[in-house]
Each structure stands twice: as C-alpha cells, then as structure tokens.
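Remarks on the structure that follows.
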Amino acid sequence: MLTNTSWANPLDLVDITSVLTPEERQVRDSVRAVCAKSIDPYVAGWFESGELPVARELTRELGAVGLLGMHLEGYGCAGMSAVDYGLACLELEASDSGIRSLVSVQGSLAMFAIWAYGSEEQKQEWLPRMAAGEAIGCFGLTEPDFGSDPGGMRTTARRDGDDWVLNGTKMWITNGSIADVAVVWAQTGEAGGGIRGFVVPTDSHGFSAPLIHHKLSLRASITSELVLEEVRLPGSAILPGVRGLKGPLGCLSEARYGIVWGAMGAARSAFQTALEYAGQRIQFDRPISGFQLTQQKLAWMNQELTNGTLLALHLGRLKDTKGLRPDQVSVGKLNNVSKAIEICRVARTVLGANGISLEFPVIRHANNLESVLTYEGTVEMHTLIVGQALTGQAAFR
Ligand code: TGC
Ligand code: FAD
C-alpha cells in the first residue's frame with residue numbers, strides 16, 4: 001500500500017522514528033529540549049570566543065537529566081540502553097560536537113574506565129558525583145609523540161613503597177583544564193601488560209593541565225595538555241581490573257560508538273539548515289530549491305543521513321543484544337564521520353556566502369568534524385581496523 005506523500009517529514013523520509021520505542025522517542029525529545037533551551041541559543045557565541053564559560057553549570061544540568069554515564073548501571077547512573085545513549089549523542093551533536101565530546105569523555109571514557117576496571121572504593125568515590133555532574137573527568141591517553149600508536153606511550157608510573165609516582169605529558173585532552181579527576185594511562189614496566197590506568201585527582205601535587213589555544217575546530221570544548229611531574233598517588237589509585245592496551249582501547253570502543261550516532265546529529269543540523277535555506281533563497285526569480293542541481297545535493301545529503309542513521313541504529317540494537325566487536329564500531333565511525341563532514345561541506349555550498357558565517361551552524365559543524373575525523377581513531381586507523389577484519393592481516397606497522 002502506498003500512502004499520501006504530503007505527510008512526508010523531510011528530516012525522516014523513511015520514518016526511522018517509527019522503529020523507535022516510545023521510551024526511545026522520549027529520550028530523544030527530552031535531550032532535544034535540553035539542547036534547545038541551554039545550548040543552541042549560546043553555542044555559536046562559545047564557538048566564536050573559543051570558550052565554554054558555562055562548562056560546570058552545563059555539566060551539572062546534563063547530569064541532572066541523567067545524561068552522564070547514562071548507559072552505565074548503578075552508582076547513580078541511569079542504566080539506559082545503547083540506543084538511548086546513541087539518540088542522546090545525536091541530539092547533543094546536532095547542537096555542537098564539542099558538547100557531545102564533553103558528555104562522551106565524561107561518560108564513555110572517564111566514567112566507563114572507573115566503572116569497568118575500577119575498585120569498589122574508586123567507583124563509590126567518583127561515579128555518583130560524575131553522574132550528577134558534580135565532578136568532571138578527563139581521559140589521558142594521547143601524548144605529544146604517540147597519538148595513533150598509543151602503545152608507545154612514554155608516561156611512566158613507578159612503584160615507590162606502596163605509592164605510585166607518575167611522570168609524563170598527555171596531549172589534546174578534552175575537559176583537561178576543568179577536570180576534577182583524570183584517568184591517566186601509563187607504562188609501569190610490569191610483565192604481562194605494562195600499561196595501566198590510574199585515577200588521578202587533579203589537585204594532586206605535580207599535576208597541571210594547561211589549556212591548548214588557537215584551535216579552529218571544537219572551539220566550544222576545553223582541550224588541554226596534562227603535565228605530570230612526580231605525581232605521587234597511593235597504591236589504591238591504580239585501576240585494578242585491566243592490564244595492557246586493551247584497557248584504554250576498551251573505553252575507546254564505548255566512545256566511538258557514541259560518535260557513530262553523534263556525527264549524524266551534526267549532519268542532520270547541516271542538512272536541515274540547507275533545506276530551509278534553499279526553500280527561501282531566491283535567485284533567477286525562484287527558490288534555489290527548485291533547481292535540479294540543488295535538489296541533487298539535498299537528495300544526496302538525505303540519502304547519506306538516512307544510511308548513516310540506520311547504520312547507527314543497527315549497531316545500537318546489536319550492542320543492546322549481542323554486543324559489538326571493535327571492527328563493527330570502526331565501520332560505523334569511519335562511515336558516519338566521513339559522510340557527516342561531506343554532508344556539511346555540501347550543505348555549506350547550498351548556503352553560498354552565508355555558508356561561511358557563524359550565523360548558521362553549518363561551517364561550525366564542518367570545522368568541528370575535522371576533530372571528530374581525527375580523534376577516537378583517525379580515518380586511516382579505522383580503515384586499517386576494517387582492513388584487518390576483512391583480511392586477517394594487521395597493516396598498522
Ligand atoms: P593491538 O595489538 O591491536 O591491541 C592491543 C590489545 O587491545 C585489544 N583491542 C581492543 N580491546 C577493546 N576495544 C578495542 N577497540 C580494541 N582494539 C584492540 C586487542 O585485542 C589486544 O588485546 P590483548 O588481550 O591481545 O592484549 O594494539 P596496537 O598497538 O596494534 O594498536 C591497534 C590500533 C592502531 C587499532 C590502536 O592503537 C588504536 O585504536 N589507535 C588509535 C588511538 C585512538 O583512537 N586514540 C584515541 C584517544 S582518546 C580520544 O581521542 C578522545 S576524543 C574526545 C571525545 O571522544 O569526544
Ligand atoms: P598521528 O597519530 O601523528 O597521525 C598523523 C597522521 O598519520 C594521521 O592522518 C594518521 O591517520 C596517519 N597515520 C598514523 N599512523 C599511520 C599508519 N600506520 N598508517 C597510515 N596512516 C597513519 N586524546 C585523548 O587521549 N583524550 C582526549 O580527550 C582527546 N581529545 C581530543 C580532542 C581534540 C579536539 C582532538 C583534536 C584530539 C583529541 N585527542 C584526545 C587526541 C586524538 O585521539 C589524537 O589526535 C588522534 O588519536 C591522532 O593522533 P595524532 O594527532 O598524534 O596524529
């Protein structure tokens with residue numbers, strides 16, 4: 001049976017909403033409402049000034065509505081599904097990738113590391129406050145000389161009596177300068193998995209987190225160096241539940257999954273802006289949406305947005321039932337971030353000169369996605385992860 005197309009929703013032509021449960025729609029709509037009230041009116045200004053002046057208040061607000069560590073169980077976390085979490089990431093990133101980053105790093109990286117690998121004492125100490133947005137976390141894996149290849153990290157943790165003493169530098173760390181706690185990965189030299197995670201209160205003596213300036217991407221996000229100079233921690237600061245690189249990489253799988261969805265949020269915002277603009281912009285005596293070349297752009301954007309959202313939903317359903325392998329997450333991150341940035345670039349052309357203005361969200365999303373394309377594994381790393389899954393051969397080295 002064919003139905004009347006006059007009811008078509010241009011932002012959801014194939015009616016993906018119809019396969020969401022009422023609860024999932026409620027999550028989506030309530031996150032959308034928070035974004036509309038507390039982020040959308042201000043985010044272009046934050047991006048322009050390169051600051052997130054309300055980081056603490058916003059984190060508390062996002063915590064109060066259950067968005068921080070929302071897919072984790074217990075310790076004050078909301079215990080929602082992977083699809084719920086994905087829908088939240090999509091809505092947050094439709095506002096700005098930097099705000100989704102704040103939530104990803106808090107919930108999927110810092111909180112997840114403590115939740116999955118921490119001692120009961122660490123969980124009790126940090127997770128309820130982090131879920132409420134009272135404490136902010138960051139995740140230090142990347143170093144100045146080791147980004148794609150974190151296994152080579154130079155940050156060290158040495159035993160001194162019962163204590164651990166950390167030395168090293170982490171680079172490009174989201175939330176670093178405002179964090180209350182840093183999950184820091186360091187080489188211990190121990191046999192059988194020398195890389196270990198440490199829960200580092202940021203008021204520890206010898207810890208500092210200078211802000212990184214001059215970014216032209218993810219400007220509504222705090223990005224920092226972490227400097228650790230003889231940071232002395234009690235023996236209980238180590239994450240007891242994991243050894244080796246699979247510890248941080250396990251956290252990355254969680255955050256990458258959120259990005260699979262989030263990227264489609266930035267793309268949706270760009271597409272929606274282009275669609276509305278094309279309907280109103282008159283050239284040659286008619287709306288530019290009436291020209292075939294514009295329609296080709298709109299149809300292509302819609303097609304990739306639809307494909308990417310369905311891929312995210314499929315991976316979400318799989319995560320909620322069977323679980324996901326890392327290469328499946330890579331398929332999603334690789335496709336959706338690459339397509340999202342292309343969608344933003346095409347949308348920008350539809351806006352003509354207005355496409356380069358912060359009055360519209362499109363160039364902001366495109367610039368942000370340059371970071372998203374690189375962090376949580378570059379395009380090249382995810383291509384190689386997929387290549388390894390297809391061929392059985394690792395081509396990283
Ligand atoms: P490799 O030998 O392949 O693996 C070492 C061990 O880890 C296991 N493993 C994973 N476990 C869980 N999840 C994953 N995604 C995993 N990938 C691998 C693996 O099975 C092995 O376990 P075991 O038991 O045998 O020891 O390690 P490799 O050194 O060859 O590296 C592989 C490679 C290149 C894929 C990995 O290093 C990589 O993913 N590099 C990219 C680094 C990266 O993504 N950094 C992100 C930093 S955090 C960030 O960007 C935050 S952005 C802010 C925001 O999210 O908003
Ligand atoms: P490199 O690893 O030096 O790569 C440079 C280029 O070489 C890339 O194109 C890469 O794909 C390519 N390349 C490298 N190796 C190969 C290979 N074997 N084959 C083919 N090509 C290769 N990190 C954290 O730990 N925590 C955070 O919170 C965090 N937040 C971030 C926020 C922002 C805004 C940004 C931009 C980055 C953030 N990062 C964070 C760091 C991010 O994860 C790294 O930038 C990323 O992993 C890439 O590392 P790199 O920049 O050192 O690039």
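Model, not experiment: these values are computed from the prediction. Just the heavy atoms: all of them, side chains too, but no hydrogens, waters or symmetry mates, feed the values below. Whatever order the structure lists ligands and atoms in, that order sets their numbers, starting from 1.
For L384, no heavy-atom contact with ligand 1 is shorter than 4.0 Å. Under 4.0 angstrom from ligand 1, the non-hydrogen atoms of M381 all belong to its side chain. The proximity of L218 to ligand 2, defined as any non-hydrogen pair under 4.0 Å, is limited to the side chain. Of the heavy atoms in V329, none comes closer than 4.0 Å to ligand 1. Of the heavy atoms in L249, both backbone and side-chain atoms come closer than 4.0 Å to ligand 1.
For the atom pair CG of L102 and CZ of R100, the computed distance is 10.5 Å after rounding to the nearest 0.5 Å. Put simply, CZ on R219 and NE2 on H214 are 10.5 Å apart, with the number rounded to the nearest 0.5 Å.
By the 3.5 Å distance cut-off applied to N or O atoms, T378 is counted among the residues near ligand 2. Residue-to-ligand polar distances keep D149 apart from ligand 2: every N/O pair is separated by 3.5 Å or more. Among the atoms of V105, none of the N or O lies under 3.5 angstrom from an N or O of ligand 2. Ligand 2 has an N or O atom lying under 3.5 Å from an N or O atom of T174, backbone or side chain. An N or O contact shorter than 3.5 Å links E380 to ligand 2 by distance. Checking only distances, T223 never comes within under 3.5 Å of ligand 2, N or O to N or O. The shortest N or O to N or O distance between S104 and ligand 1 is not below 3.5 Å. Considering backbone and side-chain N/O of S148, one or more are found under 3.5 Å from N/O of ligand 2. For ligand 2, one of its N or O atoms has an N or O atom of L141 under 3.5 Å away.
Listed here is the closest heavy atom pair of S204 and L233: OG-CD2, 3.9 Å.
Inter-residue side-chain proximity for L109 and V183 is flagged as unmet; no heavy-atom pair is nearer than 4.5 Å.
Listed by number with element, the atoms of ligand 2 under 4.0 Å from a non-hydrogen atom of L384 are 19 (N). With ligand atoms numbered from 1 in the order given, ligand 2 contributes 31 (C), 32 (C), 33 (C), 35 (C), 37 (C), 38 (C), 42 (C), 43 (O) to contacts under 4.0 Å with heavy atoms of Y375. Interface atoms of ligand 2 facing E376, defined by a heavy-atom separation under 4.0 Å, are 43 (O). Against a heavy-atom cut-off of under 4.0 Å, S101 is close to the following atoms of ligand 1: 54 (C), 56 (O). Taking every heavy atom of L109 and a limit of under 4.0 angstrom, the matching atoms of ligand 1 come to 51 (C). Close contacts of ligand 1 with T142, meaning ligand atoms under 4.0 Å from a residue heavy atom, involve 47 (C). Atoms of ligand 1 lying under 4.0 Å from any heavy atom of G147, numbered from 1 in the order shown and given with element: 42 (C). Residue contact check: E376 has heavy atoms under 4.0 Å from atoms 44 (O), 46 (C), 49 (C), 50 (O), 51 (C), 52 (S), 54 (C), 55 (O) of ligand 1. Set against the non-hydrogen atoms of F396, the atoms of ligand 2 under 4.0 Å away are 18 (N). Contact atoms of ligand 1 toward R397: 28 (P), 29 (O), 30 (O) (distance under 4.0 Å to a heavy atom of the residue). Here is the list of ligand 1 atoms found below 4.0 Å of a heavy atom in T174: 53 (C). Which parts of ligand 1 touch V105 is read off a 4.0 Å heavy-atom cut-off, strictly below it: atoms 53 (C), 54 (C), 56 (O). Per-residue contacts place F139 under 4.0 angstrom from the following atoms of ligand 2 (heavy atoms of the residue considered): 24 (C), 25 (O), 26 (N), 27 (C), 28 (O).
Atom CG of D15 has more than 12 heavy atoms from other residues, nucleotides or ligands within 6.0 Å. Heavy-atom neighbours of L293 CG from other residues, nucleotides or ligands within 6.0 Å: at or below the threshold of 12.
Ligand 1 has no atom lying under 4.0 Å from any heavy atom of G151. Ligand 1 has at least one atom lying under 4.0 Å from a heavy atom of R256. Heavy-atom distances between G244 and ligand 1 stay at or above 4.0 Å for every pair.
Distance screen at 4.0 Å: atom 22 (C) of ligand 2 has a protein heavy-atom neighbour inside the cut-off. Atom 30 (O) of ligand 1 lies below 4.0 Å from at least one non-hydrogen atom of the protein. Distance check for atom 40 (N) of ligand 1: a protein heavy atom is found below 4.0 Å. Within the 4.0 Å cut-off (strictly below), a protein heavy atom is located near atom 50 (O) of ligand 1. Within 4.0 Å of atom 3 (O) of ligand 2, not a single protein heavy atom is present. For atom 3 (O) of ligand 1, the nearest protein heavy atom lies 4.0 Å away or farther. Inside a 4.0 Å radius of atom 44 (O) of ligand 1 there is at least one protein heavy atom. In this structure, atom 20 (O) of ligand 1 has its sub-4.0 angstrom surroundings free of protein heavy atoms. There is a protein heavy atom closer than 4.0 angstrom to atom 8 (C) of ligand 1. Counting only heavy atoms, the protein never gets under 4.0 Å from atom 12 (C) of ligand 2.
We find that K333 and E376 are not joined by a salt bridge, their nearest charged nitrogen and carboxylate oxygen being 4.0 Å or further apart.
Contacts of R281 classified as side chain to side chain donor-acceptor pair (under 3.5 Å), with partners at least two apart in sequence or in another chain: none.
The aromatic rings of Y257 and W261 stand perpendicular to each other, their planes meeting at an angle above 60°, with 30° marking the opposite boundary. Between H71 and F112, the ring planes are parallel. Angles under 30° get that label, and only those over 60° would be called perpendicular. Between Y117 and W185, the ring planes are perpendicular. Angles over 60° get that label, and only those under 30° would be called parallel.
Under the 4.5 Å side-chain contact rule for hydrophobic residues, V184 and V199 do not share a cluster. Linking ILVMFWY side-chain heavy atoms closer than 4.5 Å, directly or via other members, places M80 and V65 in a single hydrophobic cluster.
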Criterion side chain to side chain contact (heavy atoms under 4.5 Å, CB included) on L92 and C35, from CA distance to verdict: CA-CA 7 Å; L92 289 164; C35 292; 3.9 Å; yes
- prompt: Yes or no on side chain to side chain contact (heavy atoms under 4.5 Å, CB included) for I114 and Y75, after CA distance, side-chain angles and deciding distance?
  reply: CA-CA 11 Å; I114 296 171; Y75 305 97; over 6 Å; no
message: L13 vs T306, test: side chain to side chain contact (heavy atoms under 4.5 Å, CB included). Steps then yes/no.
response: CA-CA 8 Å; L13 271 192; T306 303; 5.6 Å; no
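Heavy-atom proximity to atom 47 (O) of ligand 2, evaluated over S104, A110, A182, G147, is greatest for G147. In the candidate list L252, I259, L141, L252 is nearest to atom 48 (S) of ligand 1, counting heavy atoms.
Between W172 and Y375, the ring centre distance reaches or exceeds 6.0 Å.
When hydrogens are left out, the protein atom nearest atom 31 (C) of ligand 2 is W172 O, 2.9 Å; that is the closest non-hydrogen contact.
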